[in-house]
There are 2 protein chains.
Amino acid sequence: MTSVEEPVRPGGRTRDAVRTKAEILDVATQEFARAGYDGARVDEIAARTRTTKRMIYYYFGGKEQLFTAVLERAYGVIREAEQELDVDHLDPVAAIRRLAELTFDHHEQHPDFIRLVSIENIHGAEHIAASEKLGRIGSPALDVIRRILASGQESGLFTADVDAVDLHAMISSFCFFRVANRHTFGALFGRDLVDPAQREHYRTMLGDMVIAYLTAERAAD
Amino acid sequence: MTSVEEPVRPGGRTRDAVRTKAEILDVATQEFARAGYDGARVDEIAARTRTTKRMIYYYFGGKEQLFTAVLERAYGVIREAEQELDVDHLDPVAAIRRLAELTFDHHEQHPDFIRLVSIENIHGAEHIAASEKLGRIGSPALDVIRRILASGQESGLFTADVDAVDLHAMISSFCFFRVANRHTFGALFGRDLVDPAQREHYRTMLGDMVIAYLTAERAAD
DNA sequence: TAGCTAACGTACTAGTTCGTACATTAGTTG
DNA sequence: CAACTAATGTACGAACTAGTACGTTAGCTA
């Protein structure tokens, strides 16, 4: 986490723009994820910070921009994780599985991120659209998928003619749903999709599904 | 739709509890889906109705209960659709594909429902938990899946040993993601998952994926 | 160390928003 | 048709909430 954990300087508030800003972002992330954009309270964010509401407006301008900043950072984290992905030494099947597992793990470990994305979708992705940072930075995962896919299709191992974006959607949908819809799914079907005891089961299931799809025998078209 | 479309009785407001209630539900569904629970405005719902805010409280008690009622009706609609599913005459592969396509179609045709479910998840499914109606009514789709799965596994056609709930999650995740995350996905990757021109492509992709998973050759365990 | 500015705090306001007290009437029933 | 009740409308208030005007100070720099 990018959380702020400096030791509390005993007696006497030091000035530290970087720390203050980061602390606001941390708390805001939690608060927005907890209650949604409209449900989140600026006062609540301020209260749970070592600074005041004034600083939120000083550094971010307003609630809307704060939410955008929160989104930008959250997307940054997953991009970093994707960048560390090194699968060039693996055969296509293993590489895809590894990629799927990374997505699976990241989604599970960052439920707040999932919630933020859900919230942003409720609002038509208007903050992403307004953000310069998020505007045109394609996911590193896409490049990786493209390479794996090309090599797998060339060797004839992969029969499906999906492109990278579609495959990314397929993998993400399962990982995302599992975390995002955990509550309604659990309430309606009595099964906790994020139950730790079932983790390996679903992780394997995802990989099996993707590989089966990519390598299935298909009628000539 | 269960929408209210009676001809406007010219001159003179007639009393009609059923119509008023239904009209409130219609508008509330739109408003909650548009802006989320906290973003939705009770006054706005009332304004777009032929009645007043007073009636919302008269019939539903409050914003919270109104949202619950909206959810209950939305879930009712999908259950009805699932109940009309008749696949007993089909072989397991065709039956599963038909089921997947029904889910696909319903999700696409009811984006408001998807948004409501997303919103409910942001709030931890607390309204479902509090609802008697939604508490313990398993999805009819689950029963159908169970039957198809049993027949497919018995005949040796299906090699995967998933259960009905997991398969339902797999199918739903793709359908749900496509609609729910349409905006962020489009903004980030420049592809509209709900583009009508791509509809058949994704519909087929879902079926292929599920069938490939169910029928894939697997190492003995 | 004087001066300056980025960083910070307090107190307040204008506008909103859920909810309700109170008044009224359509339509039914005896 | 009198009486009654479900259904409806109006007007208002208490509480909340994003945002700001104004004042203060830490710590750097000349």
Side-chain angles (χ1 to χ4, degrees), chain A residues 4 6-32 34-70 119 123 126-127 130, chain B residues 4 6-32 34-70 119 123 126-127 130:
Chain A
V4 181
E6 284 94 307
V8 185
R9 197 79 68 77
R13 303 250 161 86
T14 329
R15 301 191 162 193
D16 188 338
V18 176
R19 194 209 63 182
T20 301
K21 229 173 145 174
E23 193 173 348
I24 291 174
L25 271 181
D26 282 344
V27 177
T29 299
Q30 293 170 28
E31 173 70 1
F32 279 123
R34 182 189 67 81
Y37 178 78
D38 291 288
R41 298 287 161 242
V42 177
D43 283 300
E44 177 64 21
I45 294 171
R48 286 167 48 200
T49 299
R50 268 174 292 180
T51 183
T52 65
K53 183 165 58 159
R54 177 71 185 77
M55 288 299 100
I56 293 175
Y57 289 89
Y58 183 68
Y59 283 120
F60 297 95
K63 189 180 182 181
E64 205 99 16
Q65 293 104 305
L66 176 60
F67 183 71
T68 302
V70 164
I119 292 161
H123 295 275
E126 57 180 15
H127 303 94
Chain B
V4 181
E6 283 96 307
V8 185
R9 198 80 67 79
R13 302 249 162 85
T14 331
R15 303 191 160 191
D16 189 340
V18 177
R19 196 210 61 183
T20 301
K21 229 174 144 174
E23 193 173 347
I24 292 174
L25 271 181
D26 282 344
V27 177
T29 299
Q30 293 170 28
E31 173 69 0
F32 280 123
R34 181 188 69 80
Y37 178 78
D38 292 287
R41 297 287 161 245
V42 176
D43 283 299
E44 177 64 22
I45 294 171
R48 287 167 48 199
T49 298
R50 268 174 293 182
T51 184
T52 64
K53 184 165 57 159
R54 177 72 185 76
M55 288 298 98
I56 293 175
Y57 289 89
Y58 183 69
Y59 283 120
F60 297 96
K63 189 181 183 181
E64 204 98 18
Q65 293 103 306
L66 176 60
F67 183 71
T68 303
V70 164
I119 292 160
H123 296 274
E126 59 180 14
H127 303 95

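Everything quoted here is computed from the prediction, not taken from an experiment. Sequence lines set the chain letters: A, B, ... in the order given, protein chains first and strands last, and positions in each chain run from 1.
For the pair B:Thr52 and D:dT10, the criterion of a side-chain N or O lying under 4.0 Å from OP1 or OP2 is not met.
Look at CZ on B:Arg19: it is 13 Å from C1' on C:dA26, rounded to the nearest Å. For the pair A:Ile24 CD1 and C:dA7 P, the interatomic distance rounds to 12 Å; values are reported in whole Å. In this structure, B:Arg54 places its CZ atom 9 Å from P of C:dA21, rounding to the nearest Å. Following rounding to the nearest Å, B:Asp16 (CG) and C:dT28 (C1') show an atom-to-atom distance of 15 Å. Rounded to a whole Å, the CE atom of B:Met55 is 15 Å from the P atom of C:dG19. If you measure from atom CZ of A:Arg15 to atom C1' of D:dA26, you get 4 Å, rounded to the nearest angstrom. Whole-Å rounding puts the A:Ile56 CD1 to C:dA7 P distance at 16 Å. Atoms CD (B:Glu64) and P (C:dT17) sit 17 Å apart, rounded to a whole Å.
Contacts of A:Thr51 with the nucleic acid, taken as non-hydrogen atoms under 4.0 Å apart, involve only primed sugar atoms and P, OP1 or OP2. Counting non-hydrogen atoms under 4.0 angstrom, B:Tyr58 reaches a base of the nucleic acid.
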Under 3.5 Å, N/O pairs linking protein and nucleotides 14-18 of chain D:
residue: D:dT17; atom: OP1; partner: A:Arg41; partner atom: NE; Å: 2.5
residue: D:dT17; atom: OP1; partner: A:Arg41; partner atom: NH2; Å: 3.3
residue: D:dT17; atom: O5'; partner: A:Arg41; partner atom: NE; Å: 3.3
residue: D:dA18; atom: OP1; partner: A:Ala40; partner atom: O; Å: 3.3
residue: D:dA18; atom: OP1; partner: A:Arg41; partner atom: NH1; Å: 3.2
residue: D:dA18; atom: OP1; partner: A:Lys63; partner atom: NZ; Å: 3.3
residue: D:dA18; atom: OP2; partner: A:Val42; partner atom: N; Å: 3.2
residue: D:dA18; atom: N7; partner: A:Lys53; partner atom: NZ; Å: 3.3

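Between the B:Glu23 side chain and the B:Arg50 main chain, a donor and an acceptor come within less than 3.5 Å of each other.
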- Task: Show the numbers, then the answer: is there a ring-ring contact (aromatic ring centres under 6.0 Å, His included) between A:Phe67 and A:His123?
- Result: CA-CA 12 Å; A:Phe67 183 71; A:His123 295 275; 7.2 Å; no
